[in-house]
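Here is the naming used below: chain letters follow the sequence lines, and residue numbers restart at 1 for every chain. Predicted, not measured: the structure shown is a model, and the values here were computed from it.
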Amino acid sequence: MEIPKTYDKSREAEIYSRWLEGGYFRASAENGKAQGKKPYTIMMPPPNITSQLHMGHALNNTIQDILIRFKRMQGFETLWMPGTDHAAIATEVVVMKALAQQGITKDDLGREGFLEKLWEWNEEYGGRIINQLKKLGCSCDWERLRFTMDEGLSDAVLEAFVRLYEEDKIYRGERLVNWCVKCQTSISDAEVEHKDTEGYLYHFKYPVEGVGHIAFATTRPETMLGDTAIAVAPNDDRYKDLVGKFAEVPMVGRKIPIIEDSYVDPEYGTGVVKITPAHDPNDFEVGNRHDLPRINIMNNDGTINEIGGTAYQGLTREDARKKIIEDMTARGLYIKAEPLTHAVGEHDRCGTAIEPLMQLQWFVKMDALAKPALDAYTSGKLKFNRERFGKTYAHWLENIRDWCISRQLWWGHRIPAYYCENGHITVSKSVPEKCSTCGAIHLTQDEDVLDTWFSSALWPFSTLGWPEKTSELDYFYPTNTLVTDRGIIFFWVARMMFMGEKFMGEIPFTHVFINGTVNDEHGRKMSKSLGNGIDPLEIIDDFGADTLRLMLTNGGALDNDTRFFRERLEPARNFLNKLWNATRFVIMNMDGFNESLEHYTHARGLTQQLEDEWITDLTNRLVVEVAEKLEAHEIGMAVGKIVDFIWDEFCDWYIEMVKPRLYGVQKAMETGDETAIENAKKLRFTAQYTLGMVLDTLFKVLHPITPFITEDLFLALNHATGTPSEVRTITTQPWPVLYPAKAGVVSLAEKSIERMKEAIRAIRAVRTEKQVPPSKKIAIIVVPMDEESRILFNFTKDFFTALSGASHVDMQDPDVAIPSSTVSIVVSGANIYLPMDALVDREKENARLTKEKQKLEQEIARIDSKLANEGFMAKAPEALVAAEREKREDFAAKLAKVNEELKG
RNA sequence: GGGCGCAUAGCUCAGUUGGGAGAGCGCCUGCCUUACAAGCAGGAUGUCGGAGGUUCAAGUCCUUCUGCGCCCACCA
């Protein structure tokens, strides 16, 4: 079979559908229990149905897929639960826009009609991102796909609401809420984005009965219409005579008291604050303390209402502000306006300035709920991949306020509260027949729906069947790792924590991995408004999902922000191409392997060569180290180790080392010597065997990162080596175990091969420096300094000859005279002579040696000064001192040789 | 205003308990060596943002300054 020379990404879709057909991603509580497997569960942060895959999703889901595939190979019963959330506001906005094109409004359709349109829209577009995740290679259990408005999840929402209500943890009350005058709904604190805005600080004064005026400042003059007090700091000498007197709000003629409250900072401005309890959160608190009336002067659309006075009624916030400034000026009460940059809250979905408005809304009482969620972190049960994220989490919970959960929307879970004509509230999962307080039978349900995050907060257990006691819930809950981005630590992570603790009695996960943000090439956030977003699907089309996944995870610290640009994909693509070709090479050189398998499997004396042992040892260590890194969620490091190993050790060294053995049979056949042929075949066989085994292992450790190419190559290699046909996929293969790891032990094979690499590198460096082309083969003389080295050079003669570009290698004893026209190289355990006098430029050679000498002297001086340092000798670990001494000896020996060389 | 992060080679970034400064890309030299030119071999490149401190030893710990970035926040 011909294999193309370049990495073939076009098979990804086909491979993926084969996986689905095989059902390899399915999780089963029953099977897991029956087989005594431990569960490993990840809950995918449900993207909302309006979203399409962006780079953040790509990174986030690649991380999850790596962890879940790794755990699956390790033999866990793995569940990666996928799903979507209904995103009440975002979805309504999208659908309303679509309807607006046809000239239809939400109100034209009515609640029922609009909901029908929303479901239709969800039917058509809600699954887009799911298909996009499949292109990325995500190995979710898609048969369990959930949506926050599924029947089961909706039931969980009602159950949770009713229980919290019955325990008095949910209440309805008049509070100032963040009101979006455009969306006409309240929103939670977390949905408010604060932006620095250029504005003015307006200075005015109000007349005070009998004593003139009192000056104050405000950024929002229109709220003056709702003022119900003037406040000064307690014991402020400037104003102590005024406290208790009444000022007058001119436009509405209201008399308001002058009070003292510690909220006022006497140092700021004039030390006087006007108090508008119905339109400012602080003033609301002050109002409570002083029992002030709350005067709401605004309609829900942001215009002034009838209480604001006939002169202003119907004006927008902005117009009312202008008119009030004019009117105050006319009355001589306007002082000045100074430019001011201040933070103004905006709705994160539509960018409209938030208006704090008094509303009857539903709230979740947070103090009692937040405590266990905070304790879980402080006690160490909940771990974040970086401490700083834990701090953010804790800080938020420590300063949490009650959560406004009602939204004046239609798309979502309608609040299960019913009102009778006497104003009583009945909360019930199903429509109640009568009022639970007075028995009245005419009940109307609350018009509002719940905050989307209320349902998302239940996600870890609602998706597993709660409130039913399912075996899934029993087996898979609590989950293991949550992978998400910084932006929703508050929205989602914290809320899942307290809901899980509340309803399951156990936190929903023990590890949180917060991934960094994928920015554009200049480090700016990718955003629609900037138009700098890069579509992962385009990248997948151009490079393949594996390349994208590898680029996103290789080397980096995944908790740090990263910059994305197309050029960064090339190294990843090049690596996959390298792996592809290495496999192609191995497959091409499997001639005779199957016959040999039968011949030699039971044959004695088929020991591995030194280089086989070496690469096996290294591969074994790699497997252990990668597993350790993945366990520790150091994904970037795990990936980096694999990539470096495959490229450097396996491809650049091992494959080159075994080439003479692979080609040896052919050569032996030319001689016709039966014994030689048989020996060559044995050598070839062990090379083929080791190549296949190591490569097979490498595919497995790489599989979680780049699942498609490893599946493809794994099957191709197994086909070539004649592995039984029941091996149909790499996804269900166990994580490789070659033999028990010898942690930290450097094997003899490893030390030996490292020495050979050093020798080869040294020869290559000299050759390059002297500009000897690779095609020019030269005779090399090796003089081993001891018996061990002599054996080593003998054992590795074949590849040593090939890799150093030698025509042949002569082993000589130290007492044999070396031809004078040679260049000598000193390596560990041997002197090497390149008889290439004709090619040597004496001046260049001396320059090289001098440079080498200086370098060695420097190193020795460095170590000497260290060894002469009393502090170091007294306090440094013994092993370190010994290592330094050893290095010094080594350098000194080389220096002696170099000096000798320079003399001669 | 509070909290946090980043600053290391020309560029993008690693550097896990303090112990000889790394990778990829780019650059220079030589190679189409029967897997791969998306490749191979060799090479150059850093007062690890500035200043102090702790230590025998600091990119790594502490203090402070500068320049970016993020999050939180009710100073009228």
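Contact annotation: A:K525 side-chain N/O to B:G69 OP1/OP2 distance is not under 4.0 Å. Dashed line: the shortest gap from a side-chain N or O of A:K659 to OP1 or OP2 of B:A35 is under 4.0 Å.
Few gaps surround OH on A:Y663; more than 12 heavy atoms of other groups in view lie less than 6.0 Å from it.
For the pair A:K659 and A:F585, the cation sits on the ring face: its NZ or CZ lies under 6.0 Å from the ring centre, inside 45° of the axis.
Spacing between atom CG of A:D648 and atom C1' of B:A23 amounts to 10 Å, rounded to whole angstrom units. In this structure, A:E878 atom CD and B:G19 atom C1' are separated by 16 Å, rounded to whole Å.
A:F575 comes within 4.0 angstrom of nothing in the nucleic acid, heavy atoms only. Across all strands shown, A:W653 has no heavy atoms under 4.0 Å from either base or sugar-phosphate atoms. Here A:K875 lies in heavy-atom contact (under 4.0 Å) with a base.
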Distances under 3.5 Å only, N/O to N/O: pair up the protein atoms with those of nucleotides 74-76 of chain B.
{"unit_1": "B:C74", "atom_1": "O2'", "unit_2": "A:N282", "atom_2": "ND2", "d": "3.0"}
{"unit_1": "B:C74", "atom_1": "N1", "unit_2": "A:N282", "atom_2": "OD1", "d": "3.0"}
{"unit_1": "B:C74", "atom_1": "N1", "unit_2": "A:N282", "atom_2": "ND2", "d": "3.2"}
{"unit_1": "B:C74", "atom_1": "O2", "unit_2": "A:N282", "atom_2": "OD1", "d": "2.4"}
{"unit_1": "B:C74", "atom_1": "O2", "unit_2": "A:N282", "atom_2": "ND2", "d": "2.6"}
{"unit_1": "B:C74", "atom_1": "N3", "unit_2": "A:N282", "atom_2": "OD1", "d": "3.0"}
{"unit_1": "B:A76", "atom_1": "OP2", "unit_2": "A:Y268", "atom_2": "OH", "d": "3.3"}
{"unit_1": "B:A76", "atom_1": "O2'", "unit_2": "A:A217", "atom_2": "O", "d": "2.9"}
{"unit_1": "B:A76", "atom_1": "N6", "unit_2": "A:D265", "atom_2": "O", "d": "2.8"}
{"unit_1": "B:A76", "atom_1": "N6", "unit_2": "A:Y268", "atom_2": "O", "d": "2.5"}
{"unit_1": "B:A76", "atom_1": "N1", "unit_2": "A:D265", "atom_2": "N", "d": "3.3"}

Between the protein and nucleotides 9-18 of chain B, list the N/O to N/O atom pairs that are separated by less than 3.5 angstrom.
{"unit_1": "B:U12", "atom_1": "O2'", "unit_2": "A:R568", "atom_2": "NE", "d": "3.3"}
{"unit_1": "B:U12", "atom_1": "O2'", "unit_2": "A:R568", "atom_2": "NH1", "d": "3.1"}
{"unit_1": "B:C13", "atom_1": "OP1", "unit_2": "A:R563", "atom_2": "N", "d": "3.4"}
{"unit_1": "B:C13", "atom_1": "OP1", "unit_2": "A:R563", "atom_2": "NE", "d": "3.1"}
{"unit_1": "B:A14", "atom_1": "OP1", "unit_2": "A:N560", "atom_2": "ND2", "d": "3.3"}
{"unit_1": "B:A14", "atom_1": "O2'", "unit_2": "A:G555", "atom_2": "O", "d": "3.4"}
{"unit_1": "B:U16", "atom_1": "O2", "unit_2": "A:K629", "atom_2": "NZ", "d": "3.1"}
{"unit_1": "B:U16", "atom_1": "N3", "unit_2": "A:K629", "atom_2": "NZ", "d": "3.3"}

Residue pair A:D402, A:R175: steps toward the salt bridge (charged side-chain N to carboxylate O under 4.0 Å, His left out) verdict: CA-CA 10 Å; A:D402 285 354; A:R175 289 282 184 287; 5.7 Å; no

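Salt bridge status for A:K641 with A:E634: absent, with no side-chain N to carboxylate O gap under 4.0 Å.
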RNA chain B base-pair string [pairs: Watson-Crick or G-U under 3.5 Å; |: paired with another strand]: (((((((..((((.....[..)))).(((((.......))))).....(((((..]....))))))))))))....

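Taking the six-membered ring for Trp and thresholds of 30 and 60 degrees, A:Y7 and A:W580 have ring planes inclined between 30 and 60 degrees apart.
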